[in-house]
Amino acid sequence: MNIPEGLKYTRDHEWMDSKGTVGVTDYAQEALGDVVFVELPAVGRILKSGEAFGVVESVKSVSDLYSPADGVVTAVNDALVGNPELINQDPYEQGWIIRMETTGATEELLDSTAYQHQIEGE
Amino acid sequence: MDVPVIFEKSVPGRRGIRLPAADVPEVPLEEVLGRDFVRTSKLNLPEVSEMDAVRHYTRLSTLNYGLDTGFYPLGSCTMKYNPKVNEAIAALPGFADIHPLQPDSTVQGMLQVMKELEDALAEISGMDAVTLQPAAGAHGELTGILIIRAYLLAQGQHRTTVLVPDSAHGTNPATAAMAGFQVKIVPSNNRGDVDVDKLRQMVNEETAGLMLTNPNTLGLFEEDILEIADIVHKAGGLLYYDGANANAIMGKVRPGDMGFDVVHLNLHKTFSTPHGGGGPGSGPVGVKSRLEPFLPVPRIAGSPDHYQWNYDRPQSIGKVRSFYGNPGVLVRAYAYLKSHGSAGLKEVSETAVLNANYLLHLLKDIYETPFDRPVKHEFVLSLKDQKKRGAKALDVAKRLIDYGVYPPTVYFPLVVEEAMMVEPTETESKETLDMFAQAMREINGEIDAAPDVLHEAPHHTVVGRLDETLAARHPVLTYFQEGSRAQTGQEGNI
């Protein structure tokens, strides 16, 4: 299970880096199974921490994506529209989902060790 | 084994039927319809003989799998046997050969059946009034939530949020969102029930209602239901009962007595009418009296002397379907109710619950059950251990096909990892349940002995493992004959 050290994590299995890039974790993509569709938010949308901003649909289920912080969406990964499998193949790099400029409160985010403890407990 | 589509059997010029020369003057279509309305491009229909067509579709029909061919333990779907006597009754000319626009006086029998069915469903669910219009379960949900919205608006209340447990059917949040509400998810506690303390913190003046299934999707009875109802009602919200699991409780406990204000029932689950494959379905909605003015129009009015349709209902949410629902299905459900009677229906639920607990008992030493409690009519297994040993819930499900069983629901409810959800129903014998348990035991052994047998299953079917991912990512929804525009390979993205 790949859990990079430099990232912050939500309890709902999103990750965020220091530049505000957001995606889902390796654990999440494995649990979801093959991703077949991703619904992305509009650039410029204002998000509250914990707010659902998009949807990931896999062969098993449909899941909401939750914002790790208050902020504004500055970019979305358009490559996911034609190639949703990037989330499975490369969840931390090519499979990124949105980039946001955080404006304040972040949800209580976990470091990699705490996130690992959480998924081991599940 | 190859199963060609009928287009692939086409031979240019081959005909099933040859028509004699016309013995009336030919009508020039272009003059009658206008040039713009006459097709000029090729039709590209299959050109086959009558026997080709008969053999093709007869063969396809032999590949079908249904309740009439074998065990179908599809959790949450209540795939019980559909008694054939119900078909015979629904085919009676007085039911089958009438038209919805006939005068009321000529369809009194049908109206009486519908009125008595409304009353019976109201009695079973503990509601004061029932509409038979909704065409299926999710349609019933939408009707029910629209009734709640209309009721609240009539009270001058603009409540915005509907609460849904994390174990709910996916249609519940979808329904609430479609009716214009925000959805908030209530977590489950470690017994698989609604977390009552969390619920208490979540309700407020924005709460329009809570949608709940009881027994819930884990097959567990929500033991705190009276407290849950109290919390929601005190906050000013209403309670919606998703009747998908009503097969567990008939004659035992009524949603109305648990505190629910609105209920839908699935006639194609609990009341034995045909399910899936064009059924069609039926999802009647029952309400408490304060919500009755908001039911869809028309309502059946009058008395046994003369029934008629009443459209004069100013607070109604309007029509939710053309005419009055799916009447052929309503007749089947009525026949089912009449043939069982109140004692029989109670026995249906008792046997459904007994069968589920018996089967769980046979399986739980090798397949983990996340909440080790007595269940109602269905149960959920977690195949976490099987996954660690090399076979996912999907692999076990596919392998069951080789044992002649329709696979149970997998990966639902979402709160259970590697979930497999089994609902045997009351219509299966002990021998069938034993056969299923034996198949599950053998498959569990195969995981260690021959894992590839599972990964590549099914083996004994006309096609093997289907690529669900490719089908979802690049659906090809129309057939194009070879040589036509199909060959670009791009049509799947349209």
Side-chain angles (χ1 to χ4, degrees), chain A residues 1 10-14 24-41 45-67 77-89 91 94-95 107-108 118-122, chain B residues 76 161 164 166-178 181-185 187-188 190 202 217 368 370 382-384 387-388 392-398 407-421 465-475 490 492-494:
Chain A
M1 193 64 57
T10 68
R11 291 185 188 281
D12 298 309
H13 310 292
E14 288 87 9
V24 298
T25 64
D26 190 28
Y27 175 85
Q29 71 78 19
E30 163 72 23
L32 285 165
D34 289 338
V35 174
V36 297
F37 178 72
V38 185
E39 192 178 296
L40 298 165
R45 181 165 154 195
I46 296 164
L47 296 175
K48 278 192 209 160
S49 176
E51 182 180 341
F53 68 79
V55 175
V56 187
E57 185 175 340
S58 75
V59 287
K60 287 187 206 166
S61 67
V62 180
S63 308
D64 281 332
L65 297 162
Y66 297 101
S67 178
N77 185 1
D78 289 321
L80 297 176
V81 175
N83 299 93
E85 60 270 26
L86 290 173
I87 287 182
N88 295 115
Q89 291 162 357
Q94 289 190 67
E107 202 185 342
E108 199 180 312
Q118 183 202 312
I119 57 182
E120 278 165 3
E122 279 192 1
Chain B
S76 198
T161 306
V164 172
D166 59 7
S167 63
H169 297 118
T171 48
N172 291 176
T175 291
M178 200 162 185
F181 289 104
Q182 295 217 331
V183 179
K184 290 215 170 119
I185 306 294
S188 302
N190 58 10
M202 290 176 77
T217 58
E368 183 188 327
S382 172
L383 276 64
K384 272 195 299 196
K387 187 184 177 188
K388 272 188 207 135
K392 298 176 178 176
L394 182 73
D395 298 320
V396 173
K398 296 293 184 190
T409 303
V410 287
Y411 301 117
F412 182 82
L414 303 175
V415 291
V416 175
E417 197 182 338
E418 292 297 312
M420 176 175 274
M421 188 184 197
R465 183 77 65 99
L466 299 172
D467 187 340
E468 293 170 21
T469 306
L470 182 68
R473 285 182 184 157
H474 302 290
Q490 291 298 311
N493 294 325
I494 293 170

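Chain A is the first sequence line, chain B the second, and so forth, proteins listed ahead of strands; every chain is numbered from 1.
Proximity to chain B is absent for every atom of D64(A), based on heavy atoms less than 4.5 angstrom apart. Heavy atoms of K387(B) lying under 4.5 Å from chain A belong exclusively to its side chain.
Crowding of L470(B) atom CG: a count of heavy atoms from other residues, nucleotides or ligands under 6.0 Å exceeding 12. Counting heavy-atom neighbours within 6.0 Å of Q89(A) CD, excluding the residue itself, gives a total above 12.
Considering only residues two or more places apart in sequence or on other chains, E51(A) meets the salt bridge (Lys or Arg N to Asp or Glu O under 4.0 Å) condition with R45(A). With sequence neighbours excluded, the residues satisfying side-chain hydrogen bond (donor to acceptor under 3.5 Å, both in side chains) with D395(B) are R465(B). Taking the salt bridge (Lys or Arg N to Asp or Glu O under 4.0 Å) definition, one finds that K392(B) meets it with nothing, sequence neighbours left out.
Note that CG of D34(A) is 8.0 Å distant from CG of D467(B), once rounded to the nearest 0.5 Å.
Identified by a heavy-atom distance below 4.5 Å to chain B, the contributing residues of residues 54-63 of chain A are V59(A), K60(A), S61(A), in residue-number order.
The main-chain N or O of V35(A) is found under 3.5 Å from a side-chain atom of R473(B) such that the two form a donor-acceptor pair.
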